[in-house]
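In what follows, a structure is listed as structure tokens, so that the remarks can point back to it.
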2 protein chains.
Amino acid sequence: MLKLSRLTDYAAVVMAQIARHPQQAHAAAELAEAVQLPHPTVSKTLKMLVKAKLLVSQRGAQGGYRLARPASQITAADIIAAIEGPVAMTECSQAEGDCELAATCGVADNWQRVSLAMRTLLESVTLSHLADTTPIKLPVQLPIQSVSVAAVSA
Amino acid sequence: MLKLSRLTDYAAVVMAQIARHPQQAHAAAELAEAVQLPHPTVSKTLKMLVKAKLLVSQRGAQGGYRLARPASQITAADIIAAIEGPVAMTECSQAEGDCELAATCGVADNWQRVSLAMRTLLESVTLSHLADTTPIKLPVQLPIQSVSVAAVSA
DNA sequence: TTATACAGGACTAAAATGGTACCCAATTAA
DNA sequence: TTAATTGGGTACCATTTTAGTCCTGTATAA
């Protein structure tokens, strides 16, 4: 289905929740309550988001989580990458040629182009967009005509 | 990683292989040899592609698999859907509201828009493109500015 | 009629995913 | 200084998904 994992979905929801009240720190328990998900799971998700530098945390009483940068500078691709790793459609489109089928494959290059277009799309959607309850108007025309595979395969 | 499953990857490679020689019927064993993958696995993949009406099969001696329609009319989205089911980023973007968290979620609509844009992108890539060894120039500018969620949520 | 080749389903093994629990570290406030 | 609060890290387990294999049946062509 080319689906996001459930944790990624949670991450997006939680990030959006924080983005709607960016001033205050949000405790894991409070967020879990707000989004109606089990506390330990939300907590795990938050930790991953901190590790990915999308959130900053403050321990102790009155502590909690805040956005590491403005919601407009956090993208859907960032959130997905935080939980699932970098966006890449195929094994071979993420790392250097560790696919020994490359010779017989014949579609690798083109998948990489598609992959890159997907990533560009996901990078054009920010947390502000996701958190907003009004519909996104995706602002950019994707530069897919000029996609180069160099940056991917290198 | 938002990655295709391995079987989907195989499916694309096999489809491309058939697309390069569209006149003749291709036996599973022959294809397995050509793409250097185990026969039973390729066979399973082929069966799924037949079920999805992307290939037609012919039993008996000299039988095998052929494209059900021209490569230019088979899209990446078709191939992915054949193996993984319909392209949808989140649980709730595929079926009717079977997500009881919708109330607290607050990002469902926007994920659906993103989902739709992804699908549009994948529908713009055909098997001809994938099978071609020269780089794709993705031909369409995505109509993402005018994306409506109606078709998805309905 | 026999060899070829797909159809369908059952089965198993392995891996990813999701969820939980536990204990430690840091901070704050009484 | 101590207690309460809150995140950090790790390890573990259950479940689901994925991948791969095998077996038996059926259609077709020579």
Side-chain angles (χ1 to χ4, degrees), chain A residues 1-14 18 24-68 80 82-85 88 90-91 94 101, chain B residues 1-14 18 24-68 80 82-85 90-91 94 99 101:
Chain A
M1 294 203 221
L2 208 72
K3 199 167 48 181
L4 299 178
S5 85
R6 220 185 300 185
L7 284 184
T8 308
D9 210 347
Y10 298 167
V13 174
V14 167
I18 297 175
Q24 72 219 61
H26 301 262
E30 173 213 321
L31 290 167
E33 171 62 23
V35 302
Q36 286 291 294
L37 291 170
H39 179 180
T41 300
V42 170
S43 187
K44 186 179 186 177
T45 308
L46 289 165
K47 287 170 198 171
M48 289 193 256
L49 291 167
V50 169
K51 192 174 284 179
K53 307 263 176 74
L54 302 186
L55 293 177
V56 290
S57 62
Q58 169 88 32
R59 292 188 182 186
Q62 312 307 315
Y65 296 91
R66 289 171 213 266
L67 298 184
I80 294 171
I83 310 294
E84 312 192 13
T90 55
E91 292 291 345
Q94 47 174 332
L101 297 174
Chain B
M1 295 205 217
L2 207 71
K3 199 167 49 178
L4 299 178
S5 85
R6 219 183 302 184
L7 284 185
T8 308
D9 210 345
Y10 297 167
V13 174
V14 168
I18 297 174
Q24 71 218 63
H26 301 264
E30 173 214 320
L31 291 167
E33 171 61 23
V35 302
Q36 286 292 295
L37 290 170
H39 178 181
T41 300
V42 169
S43 187
K44 186 179 186 175
T45 308
L46 289 165
K47 286 172 197 172
M48 289 193 257
L49 291 166
V50 169
K51 193 175 283 179
K53 305 264 175 73
L54 301 186
L55 292 178
V56 290
S57 62
Q58 169 88 29
R59 293 188 182 185
Q62 311 307 315
Y65 297 91
R66 290 169 212 266
L67 299 184
I80 294 170
I83 310 293
E84 312 193 13
T90 56
E91 290 291 345
Q94 46 173 332
C99 173
L101 298 173

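In the text below, chain A, chain B and the rest are named by the order of the sequence lines, each starting its count at 1.
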Between the OG1 atom in A/Thr90 and the NZ atom in B/Lys3, the distance rounded to the nearest 0.5 Å is 9.0 Å
Regarding the side chain of B/Ala27, the nearest nucleotide among C/dC6, D/dA29, D/dG20 is C/dC6
Rounded to whole Å, CD of A/Glu84 lies from P of D/dT17 at a distance of 15 Å
Practice item. Answer yes or no: does a side-chain N or O of B/Tyr10 lie under 4.0 Å from OP1 or OP2 of D/dG20? Key: yes
note: B/Leu31, atom CG; C/dC6, atom C1'; distance rounded to Å ~ 13 Å
Out of D/dA19, C/dG18, D/dA29, minimum distance to the side chain of B/Lys44 belongs to D/dA19
Taken to the nearest 0.5 Å, the spacing of A/Ser43 OG from A/Tyr65 OH works out to 5.0 Å
Tell me if a side-chain donor or acceptor on B/Glu84 pairs with a main-chain N or O of B/Thr8 at a distance below 3.5 Å. no
(request) Determine: side-chain N/O of B/Arg6 to OP1/OP2 of D/dG20, distance under 4.0 Å, yes or no. (result) yes
Output for pair (A/Lys51 NZ, A/Leu49 CG), nearest 0.5 Å, gives 11.5 Å
Among D/dG8, C/dT17, C/dA7, the one nearest any side-chain atom of A/Ser5 is C/dT17
Assert: residue with more 5' nearest nucleotide on DNA chain C, out of A/Arg59 and A/Leu7, is A/Leu7
From CD1 of A/Ile83 across to C1' of C/dG19 the rounded distance in Å is 14 Å
Under 4.0 angstrom, heavy atoms only, what part of the nucleic acid is A/His39 near: base, sugar-phosphate, or nothing? nothing
From NZ of B/Lys47 across to C1' of D/dG20 the rounded distance in Å is 12 Å
Between CD of A/Glu30 and P of D/dT6 the distance, given in whole Å, is 10 Å
Between CG of A/Leu4 and C1' of C/dA16 the distance, given in whole Å, is 16 Å
B/Ser57 side chain N/O closer than 4.0 Å to the phosphate oxygens (OP1, OP2) of C/dA5?
no
Using a cut-off of less than 4.0 Å, is there contact between a side-chain N or O of A/Gln58 and OP1 or OP2 of C/dT28? yes
In whole angstroms, the gap separating P of C/dG19 from CG of A/Leu37 amounts to 8 Å
Do B/Gln58 side-chain atoms and B/Gly64 backbone N/O form a donor-acceptor pair below 3.5 Å? no
B/Pro38 has its side chain closest, among C/dC6, D/dT21, C/dT27, to D/dT21
Looking only at D/dT21, C/dC6, D/dT5, the nucleotide nearest the B/Pro40 side chain is D/dT21
Any side-chain N or O of B/Tyr65 less than 4.0 Å from the OP1 or OP2 oxygen of C/dA5?
no
CD1 (B/Ile83) and CG (A/Leu2) are apart, to the nearest 0.5 Å, by 13.5 Å
5'-most contact on DNA chain C (nearest-nucleotide basis), A/Gly60 vs B/Gly63, goes to B/Gly63
From CG of B/Leu46 across to P of D/dA19 the rounded distance in Å is 15 Å
- prompt: How is A/Ala28 classified with respect to the nucleic acid when contacts are heavy atoms under 4.0 Å: base, sugar-phosphate, or nothing?
  reply: sugar-phosphate
